[in-house]
Amino acid sequence: QVQLVESGGGLVQAGGSLRLSCAASGRTFRSYYMGWFRQAPGKEREFVAAIRWSGDNTYYADSVKGRFTISRDNAKNTVYLQMNSLKPEDTAVYYCAARFAPGLSRARGEYDYWGQGTQVTVSS
């Protein structure tokens with residue numbers, strides 16, 4: 001069982017930066033592939049980024065590539081999402097998710113555990 005708690009969301013102007021954190025409970029955190037998703041009002045939840053358990057392989061949605069960076073610290077049971085050059089279209093609730101099966105995935109249904117989400121609002 002894994003519990004995930006996101007933090008770091010807030011209101012930022014376009015062009016600004018935010019760093020999201022996702023703290024995980026459970027002794028097997030280092031075994032999980034981790035992902036970030038987001039959901040804007042009236043839209044489906046979409047993939048943002050994923051990271052291998054060892055941190056040496058990452059995968060990004062085209063919409064955030066070059067602006068967002070996913071990382072993890074297994075000693076702290078935490079995964080991060082550094083978001084730079086934010087745009088109003090990045091406004092959404094951001095969720096972290098954990099996947100026990102091997103392999104990076106962008107599919108919501110392939111993640112086993114989810115956090116409650118943190119709101120990110122980017123003003124123009």
Side-chain angles (χ1 to χ4, degrees):
Q1 188 77 11
V2 174
Q3 292 185 327
L4 305 172
V5 179
E6 302 95 335
S7 62
L11 173 64
V12 63
Q13 288 189 333
S17 298
L18 280 175
R19 188 195 196 200
L20 305 183
S21 299
C22 173
S25 65
R27 294 173 293 179
T28 59
F29 173 76
R30 65 182 68 243
S31 301
Y32 284 84
Y33 286 68
M34 301 297 295
W36 284 97
F37 289 75
R38 66 186 182 186
Q39 187 166 17
K43 295 188 176 182
E44 291 191 353
R45 193 171 299 187
E46 66 174 6
F47 170 77
V48 175
I51 188 166
R52 189 170 182 254
W53 65 269
S54 59
D56 62 351
N57 197 7
T58 56
Y59 178 37
Y60 295 93
D62 288 344
S63 59
V64 306
K65 201 173 296 183
R67 300 188 298 123
F68 291 11
T69 302
I70 188 171
S71 62
R72 66 190 293 164
D73 185 338
N74 288 339
K76 295 182 178 180
N77 281 11
T78 302
V79 62
Y80 304 97
L81 185 69
Q82 177 67 44
M83 305 186 295
N84 299 329
S85 302
L86 282 161
K87 305 174 181 180
E89 51 264 43
D90 294 318
T91 295
V93 177
Y94 282 71
Y95 300 89
C96 72
R99 179 168 185 263
F100 190 69
L104 298 172
S105 174
R106 65 184 301 133
R108 293 194 311 267
E110 294 186 356
Y111 284 80
D112 303 298
Y113 303 101
W114 293 84
Q116 294 300 305
T118 185
Q119 176 71 47
V120 171
T121 303
V122 184
S123 63
S124 57

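This chain uses plain numbering: 1 for the first residue, then up along the sequence.
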Is Glu6 reaching over with its side chain to a backbone N or O of Gln116, donor-acceptor style, under 3.5 angstrom?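 Yes: the side chain of Glu6 pairs with the backbone of Gln116.
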For the hydrophobic clusters of this structure (ILVMFWY residues joined by side-chain heavy atoms under 4.5 Å, transitively), does one cluster hold both Leu20 and Tyr60?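 Leu20 and Tyr60: one cluster.
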Flag yes if Leu18 and Tyr80 sit in one hydrophobic cluster, no otherwise; membership is Ile, Leu, Val, Met, Phe, Trp, Tyr, and two members link when side-chain heavy atoms are under 4.5 Å apart.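 No, because Leu18 and Tyr80 fall into different hydrophobic clusters, even though each may have its own neighbours under 4.5 Å.
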Quick one: [atom1] on [X] to [atom2] on [Y], what's the gap to the nearest 0.5 Å?
X: Arg19; Y: Thr69; atom1: CZ; atom2: OG1; value: 10.5 Å
X: Ser17; Y: Arg67; atom1: OG; atom2: CZ; value: 10.5 Å
X: Thr78; Y: Leu4; atom1: OG1; atom2: CG; value: 10.5 Å
X: Gln82; Y: Ile70; atom1: CD; atom2: CD1; value: 12.5 Å
X: Leu11; Y: Gln119; atom1: CG; atom2: CD; value: 9.5 Å
X: Lys65; Y: Thr58; atom1: NZ; atom2: OG1; value: 9.5 Å

Locate the shortest heavy-atom distance separating [X] from [Y]; write the atom from each residue and the value.
X: Asn74; Y: Asn77; result: O-OD1, 3.1 Å
X: Ser71; Y: Ile51; result: CA-CD1, 3.6 Å
X: Ala50; Y: Ser105; result: CB-O, 4.1 Å
X: Tyr32; Y: Tyr113; result: OH-CE1, 3.5 Å
X: Leu86; Y: Val12; result: CD1-CG1, 3.6 Å

Evaluate the side-chain proximity of Asp90 to Met83: yes if any heavy-atom separation is below 4.5 Å, no if none is.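 No. Closest side-chain heavy atoms not under 4.5 Å.
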Considering only heavy atoms from C-beta outward, does the side chain of Val64 approach that of Arg38 to under 4.5 Å?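 They are in contact (side-chain heavy atoms under 4.5 Å apart), so the answer is yes.
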Please, which pairs that meet salt bridge (charged side-chain N to carboxylate O under 4.0 Å, His left out) have at least one residue in residues 105-121, sequence neighbours excluded?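 As it turns out, the salt bridge (charged side-chain N to carboxylate O under 4.0 Å, His left out) pairs with a partner in residues 105-121, which skip direct neighbours, are Glu44-Arg108, Arg99-Glu110.
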Test log, rule side chain to side chain contact (heavy atoms under 4.5 Å, CB included), inputs Val2 and Phe100: CA-CA 10 Å; Val2 174; Phe100 190 69; over 6 Å; no
Could you list the cluster mates of Tyr33? Members are the ILVMFWY residues connected by side-chain heavy atoms closer than 4.5 Å, either directly or through other members.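 Joined to Tyr33, directly or through intermediates: Phe37, Phe47, Trp53, Tyr59, Val93, Tyr95, Leu104, Tyr111, Trp114.
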What orientation do Tyr94 and Phe68 show, parallel under 30°, tilted 30 to 60°, or perpendicular over 60°?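 Taking Phe68 first and then Tyr94, their aromatic rings sit tilted (interplane angle of 30° to 60°).
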